[in-house]
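Only a predicted model underlies this, so the values are computations on that prediction, with no experimental measurement involved.
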Amino acid sequence: MKFPIGLRLNAKVNNITKLGLFVTLPHHHHGLIFYKDFGDKWESARNKYSIGDEVRAVIINNHQGKLSLSLSQVNNPDLIDPTNEFKDSKDFTPDVWEVFNIKEYTEER
């Protein structure tokens with residue numbers, strides 16, 4: 001399975017070290033959520049996770065099959081998920097005037 005940059009997926013924590021969270025991805029692949037992803041809060045954040053926890057992560061680097069992941073960038077709009085069918089959509093808000101076929105409203109006085 002390919003893991004393109006921007007792909008969001010669920011991962012299971014399998015080890016917690018000074019380097020960060022080592023996780024298992026679908027199809028038995030592995031990746032690292034580096035401690036710097038947590039900023040200055042790594043020491044307190046690492047106590048919030050346990051082996052077996054499921055986390056939502058995004059692929060931020062895939063260098064020769066070595067995957068780097070991020071928790072803090074899951075909602076980053078610049079990391080476009082290539083599997084998202086709506087990735088090319090710019091505006092998800094429908095124009096209410098067109099949806100309800102409303103003509104321009106003018107108030108008579």
Quiz item: Of the non-hydrogen atoms in Asn14 and His30, which two are nearest, and what is the gap between them?
Solution: ND2-ND1, 3.5 Å

Self-check item: Smallest separation among heavy atoms of Tyr49 and Val55, with atom names
Solution: CE2-CG1, 3.7 Å

Quiz item: What are the two closest non-hydrogen atoms of Asp37 and Leu71, and how far apart are they?
Solution: OD2-N, 2.8 Å

Quiz item: Should Ile51 and Phe22 be regarded as members of a common hydrophobic cluster, given that ILVMFWY residues are connected when their side-chain heavy atoms come within less than 4.5 Å of each other, either directly or indirectly?
Solution: no

Self-check item: Nearest heavy atoms of Arg56 and Asn10, plus distance in Å
Solution: CD-OD1, 3.2 Å

Exercise. Measure the CD1-CD1 distance between Ile59 and Ile5 for me, rounded to the nearest 0.5 Å.
Key: 9.0 Å

Practice problem: Please round to the nearest 0.5 Å and tell me the distance separating atom NE2 of His27 and atom NZ of Lys2. | Solution: 14.0 Å

Quiz item: Any idea which heavy atoms bring Phe34 and Phe38 closest together, and the distance?
Solution: O-CD1, 3.9 Å

Quiz item: If you take all heavy atoms of Ala11 and Leu25, which pair is closest and at what distance?
Solution: CB-CD2, 3.6 Å

Practice problem: Evaluate the side chain to side chain contact (heavy atoms under 4.5 Å, CB included) criterion for residues Trp42 and Leu21: first the C-alpha distance (whole Å), next the side-chain angles of each, then the deciding distance (0.1 Å), finally the verdict. | Solution: CA-CA 10 Å; Trp42 170 237; Leu21 301 176; 3.9 Å; yes

Self-check item: Aromatic plane relationship, Phe3 with His29 - under 30° parallel, 30 to 60° tilted, over 60° perpendicular
Solution: perpendicular

Quiz prompt | Greater than 12 external heavy atoms within 6.0 Å of Asn75's CG | solution = no

Quiz prompt | Reported CZ-to-CG distance for the pair Arg46 and Leu19, which is rounded to 0.5 angstrom | solution = 9.5 Å

Practice problem: Indicate yes or no: at least one non-hydrogen side-chain atom of Val23 is less than 4.5 angstrom from one of Leu69. | Solution: yes

Quiz item: To the nearest 0.5 Å, what is the distance between CD1 (Ile60) and OG (Ser70)?
Solution: 5.0 Å

Exercise. Enter the distance from Glu54:CD to Thr24:OG1 here, rounded to the nearest 0.5 Å.
Key: 11.0 Å

Exercise. Working to the nearest 0.5 Å, report the span between CG of Asn62 and CG of Leu67.
Key: 4.5 Å

